[in-house]
Colleague: 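Quick one: the structure is below, and I'll ask about it shortly.
Because the structure is predicted, anything quoted here is derived from the model rather than measured. A note on names: the letters A, B, ... follow the listed sequences, proteins ahead of strands, and every chain is numbered from 1.
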Amino acid sequence: MAITTTTRSPRPAAPVAERRPRARWGARAAPYGYLAPFFVLFAAFGLFPLVYTAYVSLHRVELQTSQQMDWVGFQNYTRLLEDPFFWNALRNTFTIGVLSTVPQLVMALGLAHLLNYKLRGRTFFRVAMLMPYATSVAAATLVFAQLFGRDYGLLNWALSSVGLNPVDWQADTWASQIGVSAVVTWRWTGYNALIYLAGMQAIGHELYESAAMDGASRWKQFLHVTVPGLRPTIIFTVVVSTIGATQLFGEPLLYEGNAGGGISHQYQTLGLYMYEQGWSFFHLGRAAAVAWVMFLLIVLLALANAAIAARRNRTDR
Amino acid sequence: MPTFRARRTATSLGTAALAAMLLLTACSSGSSGGSADAADGKVTLTVDLFGTFGFKETGLYDEYTKTHPNVTVKQSDTQDEGQYWQALQTKLAGGGGLADVQGLEVGRIASVMQKQADKFVDLKTVGAGAVNDGLVPWKAAAVKSADGKVLAAGTDIGPEAICYRTDLFKAAGLPTDRTELAAKWSSWEGYLALGKEYVAKAQPGNAWTDSAAGMFTAEVGQQKVRYADESGKPVYDNNPAVKTAWSDSAKLVADGLSAKLPQWTPEWNKAFSTGKFATLSCPAWMIGYIKGQAGDAFAGKWDIAAGPGKTGNWGGSYLAIPKTSKHQKEAAELISWLTAKEQQVKLFTKQGSFPSSTAAQGEIKTLQDPYFNNAPIGQIFSESAGAMPAQVLGTEDGVIGKAFTDALGEVERTGTAPDAAWQHAMDNIKKASGN
């Protein structure tokens, strides 16, 4: 390198040539360098647990004797498929998912539509929308569990004051599932409403104006302008809500405060079932198998959603 | 499970540092491999418990630190034993976050002894091998390993009786004298028959007892062999004693005697002061629970009488030292003191926790409780404890008990047929078992 410092070196190109590839390599490597922390973290906290969970799921492992791992192959999985409680949890996850997701998204759409109009105190309402989302699951569920109390709950008090029979919101299958869904719906409706609102504001104002000029009512405007314009947003919220519903855990866990999901397991979701296997009964291998089944289920659901969305887009054109 | 949650009361979750901070030279470390915190010999002992053991409530830590000024005791509480047990298992598996002293419920002892004996200190190695001398034999035997290790110190036991509301009994025209009542419900049939009489005369909505689960647990608690036999073989599915307790409890529901309140829930807690139930299966530690839930307004309205069969055990606890403790010797000294005769007497007098030390049992025989109409609680519970069978403890007792009481909850709350509910209990136990 010292040579290059002398004036008029006969071969000035050499060091440049030497330096340039290195610089180019550096420039090419830089993005990877910037991304590396993410990948390191992902490998440590995302990939490794995933792979290790798969490894554990092929063994018989108990938390109390966790050093001892006996290879059982796919027994944890086959056993799962024979377990009526697994199917019960799958069914509950589906029904609670539908009971919470559908009203949640419909209400969110309606609320977003209302918020999209010019109305006084709009910012206040928009912030208010987000309040339930900001509330912790624990706090929300505890309050709801009180409302749904059988003997001293507000809801049953209201029912009996209009002459109806009180409902056992915790022991009855449908009533308890509705109870759990109510907490989920309450928490997420505002969140989805704001996403819809953002989507609505991207829809051109002139579309509404011309529709209004054609004499379309607000309801018709909603049906024929807003909903088609929101389709990608709606698909997004459906995907996110479906994944959320599949992983539903906190609300049913806290509804009565145990992992069984009610005395008859009538609202035990897959998330709770996994937790019960792992941390009530200490069967880590079986819990790991449930975790993997849930993971695959979510991947399948996401693929199905994507396929439906793609189909809709094709038919649109 | 009810056994485990039994002791939760409305105590604050906060931990308390109780020590008078004087400086003395250490009496620490030594063979335990532990060491003093600092050169001045101060030691902070952490105690992790569930429910209400009553050590803090009755001022025992304060008393202890007066004679051991170098020791500070920090206690933390989880109210629900089920949650406490889950957290303890996770910590034991990971080896971190364990306290110097951990409480253990009697229903978990067999599981600890068979699966995790290597995780707890042999109290003999830290100079506390005599800690269980003088306890009722089965209480001491349950924590003695086959090779002679002593792995925990026994605190209280749970002799059974029946607590009842004299004001509600009076209103329904029933006798309120505890001797007369004990004679009427000397058997569970008698208890059910009197319940029918009560419900016929009481105000609508006032049930005889809180839940089928309470009666079932008490009745099963009277048996020597419950869910597993002496060889560890599960017998919960064909033990006639369990089946009898089950059909008695189902009859309780069919006769409309249950208030259908799941135990240890907020609704149940509220009912202690609303009159929704008139009687309650009452292990000794329930005394403190009733006082906490019903409050001073109900002093004198509750009473206690000997229960059906005049015996049975429900609950009771132990204290153990995890091997991760850095102050094993000091911890051993603390638990020896906490479980000694004098302290057991104090705990019964102030808290209702019945002593497992026979000497302490001898001293409390004449004790009365003004809250319960001056009921001779010493005599009633002593007689119950005296006739108590040496219960065979199984590794899955906690899980099995919960499956049965859950299934009874189905019978009373969803109208499930008892046979179908029994089958649910069997399925649940199978799901929970380790195979």
Colleague: Looking only at heavy atoms and a cut-off of under 4.5 Å, which of A/Gly149, A/Ala259, A/Pro84, A/Ala171 has the most pairs with chain B?
Modeller: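 When all of A/Gly149, A/Ala259, A/Pro84, A/Ala171 are compared, A/Ala171 has the most.
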Colleague: What is the ring orientation for A/Tyr52 with A/Phe48, classed by angle as parallel under 30°, tilted 30 to 60°, or perpendicular over 60°?
Modeller: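 If you compare the ring of A/Tyr52 with that of A/Phe48, the planes turn out parallel.
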Colleague: At a heavy-atom separation under 4.5 Å, does B/Leu261 approach chain A through its side chain, its backbone, both, or neither?
Modeller: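 Both parts, backbone and side chain.
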Colleague: Which answer fits A/Gln170, side chain, backbone, both or neither, if we ask what part of it has an atom under 4.5 Å from a heavy atom of chain B?
Modeller: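 Contact with chain B is through both the backbone and side chain of A/Gln170.
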Colleague: Chain A heavy atoms under 4.5 Å from B/Glu410: which part of the residue, side chain, backbone, both or neither?
Modeller: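 Both backbone and side chain of B/Glu410 come within 4.5 Å of chain A.
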Colleague: In terms of side-chain heavy atoms, does A/Gln268 have a donor or acceptor partner in A/Asn88 at a distance below 3.5 Å?
Modeller: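 Short answer, no.
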Colleague: Select one option (side chain, backbone, both, neither) describing which atoms of A/Ser280 are under 4.5 Å from chain B's heavy atoms.
Modeller: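 A/Ser280 touches chain B through backbone and side-chain heavy atoms alike.
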Colleague: Heavy-atom cut-off 4.5 Å, strictly under: side chain, backbone, both or neither for B/Ala259 against chain A?
Modeller: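 Interface part for B/Ala259: backbone (N, CA, C, O).
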Colleague: Below 4.5 Å, heavy-atom pairs only: which of B/Leu92, B/Thr274, B/Thr416 has the largest tally toward chain A?
Modeller: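 It is B/Thr274.
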Colleague: What pairs with B/Lys115 under salt bridge (Lys or Arg N to Asp or Glu O under 4.0 Å), at least two apart in sequence or on another chain?
Modeller: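 Per chain and number, B/Lys115 pairs via salt bridge (Lys or Arg N to Asp or Glu O under 4.0 Å) with no residue.
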Colleague: Side chain, backbone, both or neither: which part of B/Ala403 has a heavy atom under 4.5 Å from chain A?
Modeller: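 Interface part for B/Ala403: neither.
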Colleague: For A/Gln104 and A/Tyr191, which I'm curious about, is there any donor-acceptor pair between the side chains at under 3.5 Å?
Modeller: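 No, no side-chain donor-acceptor contact under 3.5 Å.
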Colleague: Please look at B/Asp427 and chain A and tell me whether the side chain, the backbone, both or neither of the residue comes under 4.5 angstrom of a heavy atom of that chain.
Modeller: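 Both the backbone and the side chain of B/Asp427 come within 4.5 Å of chain A.
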Colleague: Answer with side chain, backbone, both or neither: which region of A/Phe85 has an atom nearer than 4.5 Å to a non-hydrogen atom of chain B?
Modeller: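 Answer is side chain: those atoms of A/Phe85 sit under 4.5 Å from chain B.
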Colleague: Quick check for you: among B/Lys119, B/Lys276, B/His424, which has the greatest number of heavy-atom pairs under 4.5 Å with chain A?
Modeller: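 Of the options given, most contacts go to B/Lys276.
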Colleague: Going by the angle between their ring planes, with limits at 30° and 60°, are A/Phe295 and A/Trp292 parallel, tilted or perpendicular?
Modeller: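 Perpendicular.
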Colleague: Let me know if A/Ser264 has heavy atoms under 4.5 Å from chain B in its side chain, its backbone, both or neither.
Modeller: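 Its backbone and side chain both get close to chain B.
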Colleague: Taking the six-membered ring for Trp and the single ring otherwise, decide whether the centroids of A/Tyr133 and A/Trp188 are under 6.0 Å apart.
Modeller: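 Distance test on ring centres: under 6.0 Å, yes.
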Colleague: Any chance the side chains of A/Asp83 and A/Tyr273 put a donor and an acceptor closer than 3.5 Å?
Modeller: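 Yes - a donor-acceptor pair under 3.5 Å links their side chains.
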Colleague: Could you check whether A/Asn92 and A/His265, counting side-chain N and O atoms only, form a donor-acceptor pair closer than 3.5 Å?
Modeller: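 Short answer, no.
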